[in-house]
Number of protein chains: 2
Amino acid sequence: MIATRIRKGIIKKTEEAQSPMATLIAIVDDEPDILELVLIHLKKSGFLAEGFLEAEKFFKFLEKRIPDLIILDLMLPDTDGLDVCKFLKSKEKYSSVPIIMLTAKAEETDKIIGLELGADDYVTKPFSPKELVARVKAVLRRQKKVEGTGITTVGNQLTIDFEKYEVRIKDKTVDLTATEFKILKLLSTRKGRVFSRDEILDFLWGHEKVVIDRTIDVHIRHLREKLGSASMFIKNVRGIGYKIDE
Amino acid sequence: MIATRIRKGIIKKTEEAQSPMATLIAIVDDEPDILELVLIHLKKSGFLAEGFLEAEKFFKFLEKRIPDLIILDLMLPDTDGLDVCKFLKSKEKYSSVPIIMLTAKAEETDKIIGLELGADDYVTKPFSPKELVARVKAVLRRQKKVEGTGITTVGNQLTIDFEKYEVRIKDKTVDLTATEFKILKLLSTRKGRVFSRDEILDFLWGHEKVVIDRTIDVHIRHLREKLGSASMFIKNVRGIGYKIDE
DNA sequence: TATAAGGTTAATTTTTGGTTAATTTTTTGA
DNA sequence: TCAAAAAATTAACCAAAAATTAACCTTATA
């Protein structure tokens with residue numbers, strides 16, 4: 001009897017351990033109905049979700065916890081969603097948190113602006129909650145968190161160890177220069193997200209150093225050369241910049 | 001009485017059954033929300049976790065059980081987290097239990113102080129629960145490796161005895177200065193990990209002393225000279241720092 | 001207080017790789 | 001289908017980083 005209970009206990013524990021970890025999602029939207037609806041659907045899908053009607057309260061929340069993903073309405077009453085996005089991206093702490101934008105208009109220009117500001121995806125209103133949840137999952141899947149372990153993989157043949165500054169392709173180590181490594185790091189920590197050449201340069205050298213942005217092309221070339229077959233994951237988005245796509 | 005015996009039995013069985021995973025983690029944090037969140041995530045990851053809002057209760061708990069890892073908020077209402085850390089490290093009983101510090105500010109000085117006091121890692125608020133869990137796993141993983149002898153070997157010709165402050169190359173002892181030894185220790189306890197010159201300097205002298213980082217180059221040179229053939233394991237990563245690579 | 005040991009600095013040489021600019025190829029839209 | 005724009009490629013140049021060397025402090029100790 002006791003034995004059985006012990007067994008069960010163990011089995012249950014194991015199952016828990018294998019289940020996906022709770023993912024915290026923050027939603028900022030000034031329309032209570034929509035906020036409520038989104039929250040319900042996210043929670044039904046097993047996410048931990050927190051909603052905010054004002055940017056103000058959202059910022060308060062941010063001081064205590066960093067969510068795994070942020071859903072942001074472009075149109076907020078107190079602040080502009082784009083400004084929030086810009087702010088988040090400028091802070092080291094939050095810069096790696098993926099953002100999904102909710103936009104009222106499906107204008108192509110908005111999309112571009114969103115991409116340039118660092119959003120990882122955008123959903124146009126009106127939207128179906130199911131679609132939003134699907135997008136959330138897609139972005140998270142792409143992301144494949146690096147945190148803590150300091151290791152990430154791209155297309156399961158390329159592994160990047162941030163502590164060791166080591167890159168391996170199918171267990172063969174590849175020598176990268178510091179700059180090449182940093183670019184790869186930037187792109188791979190936000191898979192799918194497009195980075196402009198200026199953004200990459202800022203990441204590399206900060207604002208002080210002024211360098212022609214064509215330089216990035218050359219670094220990308222070197223990277224691609226060294227990565228060989230795995231270079232297929234580094235993609236150019238014409239007119240905008242570069243990204244990693246698995 | 002019977003209850004006690006059953007309990008004992010269960011505990012023993014459980015430990016046997018899931019040797020790597022039945023890890024007990026204690027968290028001390030005065031903010032109920034954060035405590036709750038962390039507990040949820042740790043448990044979902046398969047850890048046994050106990051939370052404490054006050055240092056007082058945590059100490060009571062310590063009299064009964066020694067956790068495998070402690071997560072400690074630097075800012076506690078009744079006691080200073082640093083004092084708790086100092087106390088734990090001073091007691092033979094608890095000195096080998098790894099500690100992860102939660103700090104409100106990302107002040108560099110705090111970090112160093114924490115590390116000097118024996119904390120194994122630190123996470124700055126706000127943090128993502130996932131990151132914390134990943135750090136916990138990383139610290140535990142590291143712990144396992146170091147446990148036991150206190151002797152490390154590099155590329156099976158270089159042995160380092162941390163207790164005796166002794167370095168041998170193929171059974172011939174090598175005389176190192178304290179500084180050289182410390183650098184070798186730092187690099188060899190986290191093989192492969194690249195340390196910047198600043199990190200090495202912080203490890204050597206803390207933050208008070210201000211020294212030009214070129215100094216490290218000279219120490220490395222001396223080290224390499226003394227290590228002879230084994231110096232091949234000390235590698236420079238241009239633009240980043242030094243590491244040991246086997 | 002003289003001495004030795006070890007840490008630091010500074011100056012010089014060597015090596016590496018980041019930047020530029022010129023050229024070719026590719027993409028896109030009129 | 002053609003012209004313009006953007007990206008890829010290539011090689012030369014040069015500046016930054018590391019290695020090396022020697023001289024100079026600092027501190028502990030006899």
Point to revise | Ring center gap for B/Phe195 and B/Phe203 short of 6.0 angstrom | key: no
Under 3.5 Å donor-acceptor, [X] side chain and [Y] backbone:
X        : Y        : result
B/Ser188 : B/Leu184 : yes
A/Asp68  : A/Ile25  : no
B/Thr177 : B/Glu180 : yes
B/Lys89  : B/Ser95  : yes
B/Asn236 : B/Tyr242 : no
A/Glu246 : A/Gly155 : yes

Check your understanding: Is it the case that B/Lys185 and B/Thr152 place a side-chain donor and acceptor less than 3.5 Å from each other?
Key -> no
**Study point:** Option from B/Val28, B/Asp121, B/Ile27 for which side-chain contact (heavy atoms from CB on, under 4.5 Å) with B/Ile71 holds
**Key:** B/Ile27
Point to revise | Euclidean distance, atom CG of residue A/Asp217 to atom C1' of C/dT23 [Å, nearest integer] | key: 14 Å
**Study point:** Spacing between B/Arg221 atom CZ and C/dG7 atom P, to the nearest angstrom
**Key:** 16 Å
Review point. Is there a residue in residues 225-246 of chain B whose heavy atoms reach under 4.0 Å of DNA chain C, and which residues are they?
Key: B/Arg238
Review point. Does a nitrogen or oxygen in the side chain of B/Thr177 sit under 4.0 Å from OP1 or OP2 of C/dG7?
Key: yes
Check your understanding: Where does the chain B footprint on DNA chain D start and end, counting 5' to 3' with a 4.0 Å heavy-atom cut-off?
Key -> D/dA16 to D/dT21
All N/O contacts under 3.5 Å from nucleotides 19-22 of chain C to the protein, with atom names and distances to one decimal?
{"unit_1": "C/dT19", "atom_1": "OP1", "unit_2": "A/Trp205", "atom_2": "NE1", "d": "3.2"}
{"unit_1": "C/dT19", "atom_1": "OP1", "unit_2": "A/Lys209", "atom_2": "NZ", "d": "3.3"}
{"unit_1": "C/dT19", "atom_1": "OP2", "unit_2": "A/His219", "atom_2": "NE2", "d": "2.9"}
{"unit_1": "C/dT20", "atom_1": "OP2", "unit_2": "A/Ile212", "atom_2": "N", "d": "3.0"}
{"unit_1": "C/dT20", "atom_1": "OP2", "unit_2": "A/Thr215", "atom_2": "OG1", "d": "3.1"}

Review point. Below 4.5 Å, heavy atoms only, C-beta onward: do B/Arg190 and B/Lys243 meet side chain to side chain?
Key: no
